[in-house]
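We count residues from 1, following the sequence as given. All values below were derived from every heavy atom in this structure, side-chain atoms included, with hydrogens, water molecules and symmetry-related copies excluded.
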Amino acid sequence: MKLTHLYATELSDTVTQIQPDIPGDLQLQLVNHPHAHELALPDVWWQDNALAQQLADEEFALCRQSVAQKYGGHQFGHWNPMLGDGRGLLLGEVENRASQRIDLHLKGAGQTPYSRQGDGRAVLRSTLREYIGSEALFHLGIPTSRSLCLFDSQEMVLRETPETAAMMIRTAPSHIRFGHFEYYYYSGDSAALKRLFEHTFIHHFPDALSHNNPHQALLKAIVLRTARMIALWQAYGFVHGVMNTDNMSVHGITFDFGPYAFMDNFVSNAVFNHTDHQGRYSFDRQPGVALWNLNALAQAFSQYCDTEAIKQTLMLFEPTFISAYQQTMVNRLGFSNVDNRSLDLVNRFLTMLANQQRDYHQLFRKLSMMDPSQAQCPLRDDFIDRTEFDMWWQDYRAHRQDEGNTDAQAALMDSVNPVVVARTHHLQRAIDAAGRGDYSVANSFIEALNTPFDDKWAGTEWAGAPVDDAQVSLSCSS
Ligand code: AMP
Ligand code: MG
């Protein structure tokens with residue numbers, strides 16, 4: 001293992017060194033072995049609960065320079081300078097087999113100077129939701145942090161009810177958030193801001209350095225990556241739930257999973273976070289919020305780029321988002337080209353799903369099995385307004401046939417329309433079993449989510465939509 005502590009050393013005055021606070025009964029329960037292999041981590045960590053025990057040893061390589069990072073963030077639109085890693089520690093960076101440096105971050109590791117009133121812990125429920133959710137996104141092709149391993153314990157922590165504490169190690173190219181830059185900008189510490197930029201350029205965006213304005217090139221890279229990530233969230237019905245700027249990664253990866261959800265029925269203004277009373281982070285507002293967040297981030301670039309350059313750069317968000325979203329959506333219907341006909345079919349399909357409250361995932365998948373040479377399509381029975389579907393089907397099958405090879409279109413659809421999605425009710429089953437010490441349900445769900453487009457999952461328990469479609473509500477920061 002090649003371990004470094006570049007963030008902790010190069011930005012030492014922006015972090016606090018802290019040992020993880022490890023419950024005595026910490027037990028390793030889930031390991032992402034393929035990911036551990038990519039990171040060239042020692043196999044012994046996964047044997048006989050070794051890693052859980054080593055984390056309690058302050059001489060262990062991962063604990064020697066573990067740090068809490070300082071950052072701020074716009075939370076629900078309000079600037080909060082008081083944030084930072086309140087329950088997570090950056091353990092260091094490891095070099096993966098492709099020679100990229102990847103952060104190892106331990107979540108739920110105890111109190112830090114940024115814990116405020118919090119206990120520094122994460123509960124099993126939310127930890128398992130993050131563990132499974134990030135792998136689910138990854139295998140759908142959506143940029144995200146990854147999950148390496150999960151531990152549980154019998155230590156009780158109080159949330160709305162008492163729950164048991166858990167920890168996970170997650171990985172990401174870095175844990176640098178929009179809120180890192182915002183914090184050093186708003187606190188007026190231009191020396192720290194400069195060092196943060198330098199670290200970010202050198203280790204994460206070296207290409208920007210060859211641009212005549214590296215800061216503008218960095219902002220542009222963040223805008224483009226964020227736009228593409230959000231396009232995929234919208235295309236796959238993913239709701240993040242807490243898009244505060246402290247939960248936004250400069251890498252444009254999905255980050256800090258809280259009350260996230262994949263929609264079941266298509267509800268365009270769906271909100272799953274029960275503290276989000278205004279619906280600020282509803283499904284349909286995510287693109288607008290992402291741009292709002294990029295505007296907040298761009299403030300921190302104002303000493304380095306003129307206003308017009310910043311405006312021009314932010315204006316790249318919308319066309320990038322729209323083209324990535326449209327391309328994915330027309331592919332989901334089997335078309336390669338974004339044109340008026342394919343877009344009209346996408347829009348009408350989504351309108352039917354929304355108006356008739358149909359399942360967002362299953363109907364895309366089922367469509368590839370329908371024969372465009374047939375005038376009537378059995379999928380009509382999945383809709384309440386069959387006539388509306390029949391009219392759509394006539395135009396849809398005509399366009400499929402006009403476009404040529406309908407078998408190739410069906411193959412394209414199967415490669416982008418998942419059979420298995422990390423739906424909330426499946427996550428809950430995995431959580432309930434894990435709470436009883438049984439991780440077989442979580443492992444079986446993860447196995448399915450690792451190949452979500454594989455037809456072998458059709459008809460299995462993991463392909464199912466919930467029986468009752470009551471909208472769930474989930475809590476933040478648990
Ligand atoms: P989140 O909503 O999880 O993104 O967290 C927002 C802020 O609250 C971050 O600074 C977290 O580190 C902190 N935080 C959340 N939960 C806890 C906790 N249980 N103990 C300490 N800090 C926490
Ligand atoms: Mg957070």
Side-chain angles (χ1 to χ4, degrees), residues 73-78 80 83 86-88 107-108 116 118-119 121-137 140 142 144-145 147 150 157-161 163-166 168 170 177 179 229-230 232-234 236-249 253-290 292-293 360 421-432 434-435 442 445 449 466 469-478:
H74 275 90
Q75 297 186 306
F76 293 91
H78 301 285
N80 184 349
L83 303 176
R87 54 170 170 174
K107 190 163 180 177
R116 296 173 294 162
D119 54 17
R121 294 297 188 211
V123 301
L124 176 61
R125 170 175 51 89
S126 66
T127 310
L128 191 53
R129 281 173 45 82
E130 169 157 353
Y131 188 95
I132 297 177
S134 57
E135 288 306 298
L137 286 183
L140 287 176
I142 305 179
T144 175
S145 61
S147 307
L150 179 144
V157 288
L158 194 60
R159 293 294 180 266
E160 278 140 30
T161 56
E163 297 187 50
T164 56
M168 68 177 282
R170 72 171 172 211
R177 305 152 190 260
M229 169 188 77
I230 301 284
L232 292 171
W233 287 5
Q234 301 309 109
Y236 284 100
F238 176 80
V239 185
H240 180 281
V242 211
M243 290 177 69
N244 295 332
T245 58
D246 50 302
N247 293 337
M248 300 285 295
S249 159
I253 58 174
T254 314
F255 197 62
D256 262 19
F257 291 70
Y260 76 86
F262 281 89
M263 290 190 289
D264 294 302
N265 286 347
F266 186 55
V267 178
S268 64
N269 63 354
V271 177
F272 297 94
N273 178 351
H274 74 51
T275 57
D276 185 5
H277 305 296
Q278 318 273 304
R280 180 181 174 89
Y281 298 141
S282 65
F283 175 71
D284 52 2
R285 288 197 175 155
Q286 294 186 125
V289 169
W292 192 97
N293 289 345
Y360 189 64
V421 178
R423 297 177 190 261
T424 302
H425 71 297
H426 294 318
L427 289 166
Q428 194 56 48
R429 267 190 59 211
I431 293 165
D432 291 343
F445 192 25
L449 290 166
D469 55 5
Q471 194 162 314
V472 285
S473 119
L474 301 158
S475 63
C476 232
S477 282
S478 44

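Annotation: side chain of Y260 is not in contact with side chain of T254 (no heavy-atom distance under 4.5 Å). Side-chain contact between V289 and Y281 is present, with heavy atoms from C-beta onward closer than 4.5 Å. Under the 4.5 Å side-chain criterion, counting only non-hydrogen atoms from C-beta, Q234 is in contact with I230. Taking the side chain as every heavy atom from C-beta outward, V421 and Y236 never approach each other to under 4.5 Å. In this structure, the side chains of R280 and V271 stay at 4.5 Å or more apart for every pair of heavy atoms.
The side chain to side chain contact (heavy atoms under 4.5 Å, CB included) check on A434 picks up L124, L128, Y439, with sequence neighbours excluded. Scored by the side chain to side chain donor-acceptor pair (under 3.5 Å) test, S126 finds no partners at all (sequence neighbours excluded). With sequence neighbours excluded, the residues that form a salt bridge (charged side-chain N to carboxylate O under 4.0 Å, His left out) with D256 are R170, R177. For F262, the ring-ring contact (aromatic ring centres under 6.0 Å, His included) partners are F238, not counting sequence neighbours. Remark: D119 pairs with R159 by the salt bridge (charged side-chain N to carboxylate O under 4.0 Å, His left out) rule, at least two apart or across chains. Listed by chain and number, the residues in a salt bridge (charged side-chain N to carboxylate O under 4.0 Å, His left out) with R129 amount to none (sequence neighbours excluded). Shown here are the side chain to side chain contact (heavy atoms under 4.5 Å, CB included) partners of S249, two or more places apart in sequence or in another chain: H251, I253, F255. Remark: R87 engages K107, A122, S477 in a side chain to side chain contact (heavy atoms under 4.5 Å, CB included) (not counting sequence neighbours). For Y360, the ring-ring contact (aromatic ring centres under 6.0 Å, His included) partners are F266, F364, not counting sequence neighbours. A search for salt bridge (charged side-chain N to carboxylate O under 4.0 Å, His left out) contacts involving R285 returns nothing, not counting sequence neighbours. Residues that satisfy the ring-ring contact (aromatic ring centres under 6.0 Å, His included) test with H240, not counting sequence neighbours, are W233.
In plain terms, the two heavy atoms of M243 and Q286 that are nearest each other are CE-O, 3.6 Å. Across all their heavy atoms, S282 and D284 have their closest contact at OG-OD1, 2.8 Å. Smallest separation of non-hydrogen atoms from A261 and L474: CB-CD1, 4.3 Å.
Note that the CG atom of L83 and the CG atom of N247 stand 9.0 Å from one another [nearest 0.5 Å]. Residue I431 holds its CD1 atom at 9.0 Å from CD of E163, rounded to the nearest 0.5 Å. Taken from OG1 in T127 to CD1 in I132, the straight-line distance is 11.0 Å, to the nearest 0.5 Å.
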Under the side-chain contact (heavy atoms from CB on, under 4.5 Å) rule, what do M263 and F272 come out as? Steps first, then yes or no, please. CA-CA 9 Å; M263 290 190 289; F272 297 94; 4.2 Å; yes

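Side chain of N244 to backbone of F76: a donor-acceptor contact under 3.5 angstrom is found. No side-chain donor-acceptor contact under 3.5 Å links N80 to the backbone of Q75. Under the 3.5 Å distance criterion, the side-chain polar atoms of N273 are left unmatched by any main-chain donor or acceptor of P259. Between the side chain of E135 and the backbone N or O of S147 there is at least one donor-acceptor pair closer than 3.5 Å.
For residues 421-430, the set of pairs meeting the salt bridge (charged side-chain N to carboxylate O under 4.0 Å, His left out) definition, not counting sequence neighbours, comprises D264-R423, D359-R423, R429-E461.
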